[in-house]
Amino acid sequence: MKLRDLKENRVRGDRMSAFSRGVAAAWPICLGYAPIGLAFGVLAQKAGLTSLEIGLMSAIVFAGSSQFIAVSMLSGGSSMVSIVATAFVVNFRHFLMSSALAVYLKNSDRKKLTFFSYGITDESFAVNLTRFRESDWDLNSALVTNYTANITWIIATVLGGFSGQFIPAHAFGIDYALVAMFICLLVFQLRGLLYILTAVIAGVFAVILSMLIPGNSYIVIASMLAAALGVVVKKKFLN
């Protein structure tokens, strides 16, 4: 009886440890999601979406950049096919992020991996990858991080949709919120000259390709080209 109690207490302690570590890792993401989610909710409300529709979109799509783009395209009268296709292309980077995280999750439970893959965003990817590299991080903690951020995002967007009726369009620099978030993410990822070089190359490619390729696919293409060149430079000159 005592042995069983000890095992149950150990399992309970492990769960609490994973929960506390996951929440601790997620709170900086939540601080960023709150204003950006509110901004998205306001913009979505201005585009004609209800709070319920905004909440469903955040729960189903859960990708800030795609949601901002979708709302912009809805406002511009784009077709649903083009909106879905654009969102798919923009979100294609999630395949790359999932591949990077898969290295640390080879023997993990497949059911948990399914739930984990849903919650991967740019921010949670950056946090989880850093933790996997630098500490004794596990899938349970990573799941808590993802879903803490997820819940925060949904609540913030719904609140933004509700309050959007009281906020004038283009007020408070709301349109710039997503751009500011990605600039912050970029700055925190610049850990050396190679990273800076890769970011500059990606920016140059994106500007050039944006003048040659219609739509938003140039973003993914530029990112993949810059990442490939970064890997080549690292292997040829830095090893």
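What's counted below: heavy atoms across the whole structure, side chains too, no hydrogens, waters or symmetry copies.
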Joint cluster assignment, [X] & [Y], ILVMFWY side-chain distance < 4.5 Å:
| X | Y | answer |
| --- | --- | --- |
| Phe68 | Val158 | no |
| Leu225 | Ile208 | yes |
| Val232 | Met224 | no |
| Ile60 | Phe40 | no |
| Ile213 | Val207 | no |

If every non-hydrogen atom of [X] is compared with every non-hydrogen atom of [Y], which pair is closest and at what distance?
| X | Y | result |
| --- | --- | --- |
| Ala34 | Ala156 | O-CB, 3.7 Å |
| Leu194 | Val233 | CD1-CG1, 3.9 Å |
| Thr114 | Ser117 | O-OG, 2.7 Å |
| Ala222 | Ala206 | CB-N, 3.5 Å |
| His94 | Thr121 | NE2-CA, 4.1 Å |
| Ser108 | Leu139 | CB-CD2, 3.6 Å |

Query raised in the report: Should we say atom CE of Met97 is surrounded by more than 12 heavy atoms from elsewhere, each under 6.0 Å from it?
Result: yes
Query raised in the report: Just wondering, more than 12 heavy atoms not from Phe115 lying within 6.0 Å of its CZ?
Result: no
Requested in this report: Can you sort out the partners of Tyr104 under side-chain hydrogen bond (donor to acceptor under 3.5 Å, both in side chains), two or more places apart, ordered by chain and number?
Outcome: none
Requested in this report: Please go through Val231's hydrophobic cluster and name the other residues, only I, L, V, M, F, W, Y counting, with side-chain heavy atoms under 4.5 Å joining them.
Outcome: none
Requested in this report: Check the pair Phe116, Leu105 against side chain to side chain contact (heavy atoms under 4.5 Å, CB included), reporting the backbone distance first and the verdict last.
Outcome: CA-CA 10 Å; Phe116 176 71; Leu105 301 169; 3.6 Å; yes
[atom1]-[atom2] distance between [X] and [Y], expressed to the nearest 0.5 angstrom:
| X | Y | atom1 | atom2 | result |
| --- | --- | --- | --- | --- |
| Thr148 | Leu143 | OG1 | CG | 10.0 Å |
| Thr157 | Met57 | OG1 | CE | 10.0 Å |
| Tyr147 | Phe62 | OH | CZ | 9.0 Å |
| Thr198 | Lys234 | OG1 | NZ | 10.0 Å |
| Ile155 | Leu38 | CD1 | CG | 11.0 Å |

**Report entry** Residue pair Trp27, Leu31: steps toward the side chain to side chain contact (heavy atoms under 4.5 Å, CB included) verdict
**Finding:** CA-CA 6 Å; Trp27 76 264; Leu31 288 179; 2.8 Å; yes
Query raised in the report: Considering residues at least two apart in sequence or located in another chain, which fulfil the side chain to side chain contact (heavy atoms under 4.5 Å, CB included) criterion with Leu74?
Result: Leu49, Met80, Ile83
Report task. Just jot down the side chain to side chain contact (heavy atoms under 4.5 Å, CB included) partners of Ala149, sequence neighbours excluded, or say none. Result -> Ile29, Tyr33
Query raised in the report: Can you pull the salt bridge (charged side-chain N to carboxylate O under 4.0 Å, His left out) pairs that have at least one residue in residues 137-163, sequence neighbours excluded?
Result: Arg21-Asp138
Query raised in the report: So which pairs with a foot in residues 57-79 pass salt bridge (charged side-chain N to carboxylate O under 4.0 Å, His left out), sequence neighbours left out?
Result: none
Query raised in the report: Looking at Asn150, Ile151, Thr152, which hits side chain to side chain contact (heavy atoms under 4.5 Å, CB included) with Ile154?
Result: Asn150
Report task. Start with the C-alpha distance between Ile120 and Asn146, add both sets of side-chain angles, then the distance that settles side chain to side chain contact (heavy atoms under 4.5 Å, CB included), and finish with yes or no. Result -> CA-CA 7 Å; Ile120 295 175; Asn146 284 10; 4.3 Å; yes
**Report entry** Donor-acceptor pair, side chain of Gln45 and main chain of Gly41, under 3.5 angstrom
**Finding:** no
Query raised in the report: Within the side chain of Ser124, is there an N or O that forms a donor-acceptor pair under 3.5 Å with the backbone of Gly119?
Result: yes
Report task. Dump the intermediate steps for side chain to side chain contact (heavy atoms under 4.5 Å, CB included) on Trp153 and Glu123, then the final yes or no. Result -> CA-CA 12 Å; Trp153 174 256; Glu123 299 78 22; over 6 Å; no
Query raised in the report: Name the one of Thr130, Thr145, Asn128 that satisfies side-chain hydrogen bond (donor to acceptor under 3.5 Å, both in side chains) with Trp137?
Result: Asn128
